[in-house]
Amino acid sequence: MKKVIRMREMSDNQKGIIMKITTNGEMSRRMREMGLVHGTSILIMGRAPLKDPVAVKINDYTLTLRNNEADHIMVEVDA
Amino acid sequence: MKRTITIALSGNPNSGKTTLFNAITGARQHIANYPGVTVEKKSGKIIHKGHEILVVDLPGTYSLTAYSLEEIVTRDFLINERPDVVVDIVDASNLDRNLYLAVQFRELGVPLIIALNMMDMAERRGIKVDHRILSQLFKVPVIPMVARSNKGVHELLDAIIETSAEDRTWNAEIISYGSDIDHGISEIEEIIRGARDFDPRYPSKWLALKCLEGDDQILKFIQGKPEIQPKIEPICHKISKHIQSTLEEEPEAIIADHRYGYIAGITKKAVRRKIESRLNFSDQLDKILTNRILGPTIMMLILYGIYVFTFWGSEAPVEWFGCFFTWMKENVSSMIPEGNLQSLIVSGIIDGVGGVFGFIPVIMFMFFAIAILEDSGYMARMAYMLDRVLRWFGLHGNSVIALLVSGGISGGCAVPGVMATRTLRDPKERIATLLVVPFMNCGAKLPVFLMLIAAFFSENEARMMFLFTMISWVLALFAAKLLRATVLRGPKTPFVMELPPYRAPTIKGICIHTWERTWQYMKKAGTVILGISIILWAMMTFPRLNEQQARFYEDQRLNTQKTFLSLSNVNGIIPDLPTLNRFDELYDLYRQSIKDYGPVPETLMKNPLYPVFNTLFPDQDVGRTHDGVKKDLATVTDLYLEYRNTMNLISAQEQQAALKATIAGWIGQTLEGITRTIGFDYRTNIALVGGFAAKEIILSTLGTAYSLGEVAPEESGTLSSRLARDPDWNPLKAFVLILFTMLYVPCFVTVISIKKESSWRWALFSMGFNLILAYLVSFIIYQTGKTLGIGI
């Protein structure tokens, strides 16, 4: 079973596939050019000591996003 | 001579662009800023096979939208300067995202070469890229390389010469973005081509694409063309509406999707993965270095390490510079007779320039440490770990380095601190950081603090020092929050940031980094600082005492000498003025030698004048070392020391009067009306005015103003006990003066550095803002304390 959740809700070391970016303007542009696009598989690497930002592995590189940014990324994960 | 080939190096951050630039140009680099912005523009020239090649290093960027300063700079350079070849450095282990920029270069139509970098790293990760297939499908030359070890650089230069010899017209090659957008592009393109004022610098297809993407800069450009704007706008609007209703996305997102789709199609054929993506060495290391508990601990240790490295490491070279300038001052003083010229050269020029050069070792060591952090990839981890805390204050995780170097652990320097803000990319975060950096307790403020603490808070010195360190952090952070909520207000920039893989930094890379930053400081700061130090010197020197006043002190001195010589015990031994002068000279020499070579044996201490008598009367028996001099000489000694004291007092009073007569003195007295409300009299004011030249001057000027003569930091004890006894002074006043010194106008070397890193506007703002803040804080504390009777 699959379900779609926000990236913020994902737990450490969880895998998923990006389904949708629910923001537009500069933030979405920035996400796209950094490779956060529909269909990309991601892996949550961990979170900073204060639980924000979150580090995400995409293919062979790692990105960091703040939680309020991760809120805009819908990810399909195993239920 | 063949014409110079201009090439632009571009690519994603962390793709090895700087490494390649260093590999091509070596140390022959020229650094300037792009016009109007503080983005560095590095260039270098080389000769390859008889061709002169000018390499321009463009800022690292992920895309060619008009979103960040880096992107705008890159685009403007390409369109206005039209380089012969653009080399896009692509990280072979991250091909998909790196090619996103390459696709946009092709849309713009620039003559492109792809430098497929980090082939070794990709290989190790089990990624095999066939550069021939990539070149075939992408339709541009692809040169596989490892820039770190110079592999492929030669081949790249060959390819550059070959490509530059080809047809130079730009050929915008757009891909398909789906029928709706493709159709819109052709429509808009036709309109643009048909326009009379068609600007040939801009490829029409690209302009059309950018219109549909909603690119701010291009939309503004089109708005300036009333002939075509009314025709284009409805098309963009129509397509945008259509796409939003059918696909629920902005056209921009659809365009990006198609770019990625196109890239995926190519990499599917050109890239073979032998191993599934797995946790690599960097990821493993991150598990430790960004661990919830270990991460912050290690970070603290590293930060402390930088601090220790910067200041302890530079201690010796700073001292060498100091010795050199002291030596220069001594030489000049002995060559040029006393007077305005000597004073100008010694106190104005050498002190001023010496001050600037004294910072060089500190700056070098700091940039060396920062270069290691940056090149190794750790800097990004610091930003990641500290983001949650510093974001609240409107700062960036990397702001912490600037704050720390400026004196986060008592005793740093704001000049390298201001320069450390270069590592911040967002302009608002950078300016906020460099504005609050001067609040930290730099090494020059410490002697002032220590002197006042010793005078009024001697029971718990260490605790007071710690308290002031805390106060400076709190005030700096809250001032940043205030600035970010007012003058530097703005939407938070997206944080989405890359954590680059850890890499061992190369010595060459670090040295080049360190040197270029240090050199910039020397070159640009030097000239301005010389001018200002001369002005400040003049303010502290002129106008001099008028003839009548000068005569008054001269008369006092002559009278004292006469009185001393007329004493019955004295005149048998020191009969006339020339002998007395010789006596003074010898005594000064003796004092100097004690200063230079340490304390004399105890036997000599019994009579400080024994060596003087011995030299002056070589053929007389003046007594023996161990029990001092003969009795009659002992009486003279006491009288002489008393006479010297009086003479010193007269000189000190003269210096005090002279200081009061100068422009700085006049300012100090004029401001007394205002500064009374925070407890400062004109003497403190003069010291604070002088402190603008360098905070060290506050202490020495206070000494002069309290007629002690100039006070060196190691002799601050006398000033300290003097103030402690002064009825005008109390702990409250001392506390307020410490706070004021902490916060008020940064020293002018810092102001110039702020100007260098931002603009005159911000440099002047920093002076005004800090002064007002210092006054307000002091006012509140002083008035509260006075009302409640605390510390008075």
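These values consider heavy atoms only, across backbone and side chains, with no hydrogens, waters or symmetry-generated copies.
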Start with the C-alpha gap between A/Leu36 and B/Val496, add the side-chain angles, then the distance that decides, and say whether side chain to side chain contact (heavy atoms under 4.5 Å, CB included) holds. CA-CA 10 Å; A/Leu36 292 165; B/Val496 190; 4.2 Å; yes
At a heavy-atom distance under 4.5 Å, which candidate from [options] has the highest pair count against chain B?
options: A/Ile21, A/Leu65, A/Val37, A/Thr40; answer: A/Val37
options: A/Asp52, A/Leu50, A/Ile58; answer: A/Asp52
options: A/Glu26, A/Met27, A/Arg29; answer: A/Arg29
options: A/Ser41, A/Gly35, A/Pro53, A/Ala55; answer: A/Pro53

Under a 4.5 Å heavy-atom cut-off, does chain A meet the side chain of [X], its backbone, both or neither?
X: B/Thr65; value: side chain
X: B/Glu252; value: both
X: B/Ala253; value: both
X: B/Asn14; value: neither
X: B/Tyr100; value: side chain

Part of A/Ser28 within contact of chain B (heavy atom distance under 4.5 Å):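 A/Ser28 has no heavy atom closer than 4.5 Å to chain B.
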Contacting moiety of A/Ala70, where chain B heavy atoms sit under 4.5 Å: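 Interface part for A/Ala70: neither.
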[X] and [Y]: which non-hydrogen atoms are nearest, and at how many Å?
X: A/Met34; Y: B/Glu498; answer: CE-N, 3.8 Å
X: A/Thr64; Y: B/Tyr384; answer: CG2-CD1, 3.4 Å
X: A/Arg32; Y: B/Tyr260; answer: O-OH, 2.6 Å
X: B/Arg97; Y: A/Leu63; answer: NH1-CD2, 4.4 Å

Does atom NZ (B/Lys287) have a neighbourhood of more than 12 heavy atoms from anything else shown, all under 6.0 Å? yes
Quick one: pull up CZ in B/Arg292 and CZ in A/Arg47 and give me the separation to the nearest 0.5 Å.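 Going from the CZ atom of B/Arg292 to the CZ atom of A/Arg47 covers 8.5 Å.
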Answer yes or no: is there an ion pair linking B/Arg273 with A/Asp60, defined by an N-O contact shorter than 4.0 Å? yes
Counting heavy-atom pairs under 4.5 Å with chain A, which one of B/Glu250, B/Glu213, B/Gln104, B/Arg259 comes out on top?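 Ranked by heavy-atom pairs under 4.5 Å with chain A, first place is B/Glu250.
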